[in-house]
Amino acid sequence: MLKTFFTRTYYFWVVSRFLIIVLFAISTYSQIEIKSIGSIIVSCLFTIYVLLMTLTAIMEMLKRKVFAAIKIVIGTLTIFFSLFLSYITFSMYGIQPFALFIVLTWLIFYGLWEIVTAKDVIRK
């Protein structure tokens, strides 16, 4: 059922990948001036994440094989980042705004899409 859903909405997830690349690249760029160790670690993770997503997007546009491990890492990091963002927001505000809930759900489903499509790459 999940695979059918992701197959029917393929182009939505491709566009989502580009939007997430832009959003995380902007977030990484804004973290450059902060010099605490925590922000440096987060910036490094975001940079690796953006580079892996960009590499995957380019490889898929060129119709080249994308390693399943990269897609699994991207999916896992996306889910991790969305859960972490949810935790941070909940601890700061106590309750999550509805718009943030939609974005977090979107990110979790994007991560699942990457993992499900990675399993398709493994089977080929």
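Computed from a predicted structure; not experimentally measured. All residue numbers in this chain count up from 1 along the given sequence.
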Ile115 vs Ile79, side-chain contact (heavy atoms from CB on, under 4.5 Å): CA-CA, chis, key distance, verdict: CA-CA 10 Å; Ile115 293 170; Ile79 293 170; 4.1 Å; yes
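- When all heavy atoms of Ser82 and Leu104 are compared, the closest pair comes out as O-CD2, 3.3 Å.
- Taking CG from Leu112 and CZ from Phe5, the interatomic distance works out to 10.0 Å, rounded to the nearest 0.5 Å.
- Rounding to the nearest 0.5 Å gives a distance of 12.0 Å between CG of Leu77 and CG of Leu107.
- The side-chain hydrogen bond (donor to acceptor under 3.5 Å, both in side chains) contacts involving residues 12-24 comprise Thr9-Trp13, Ser16-Trp106, Arg17-Glu60, Arg17-Tyr110, Arg17-Glu114, where partners must be two or more places apart or lie in separate chains.
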With a cut-off of 3.5 Å and sequence neighbours excluded, list every side-chain donor-acceptor pair involving residues 45-58.
residue: Thr47; atom: OG1; partner: Ser43; partner atom: O; Å: 2.7
residue: Tyr49; atom: OH; partner: Thr78; partner atom: OG1; Å: 2.5
residue: Thr54; atom: OG1; partner: Val50; partner atom: O; Å: 2.7
residue: Thr56; atom: OG1; partner: Leu52; partner atom: O; Å: 2.8

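- Heavy-atom neighbours of Phe109 CZ from other residues, nucleotides or ligands within 6.0 Å: at or below the threshold of 12.
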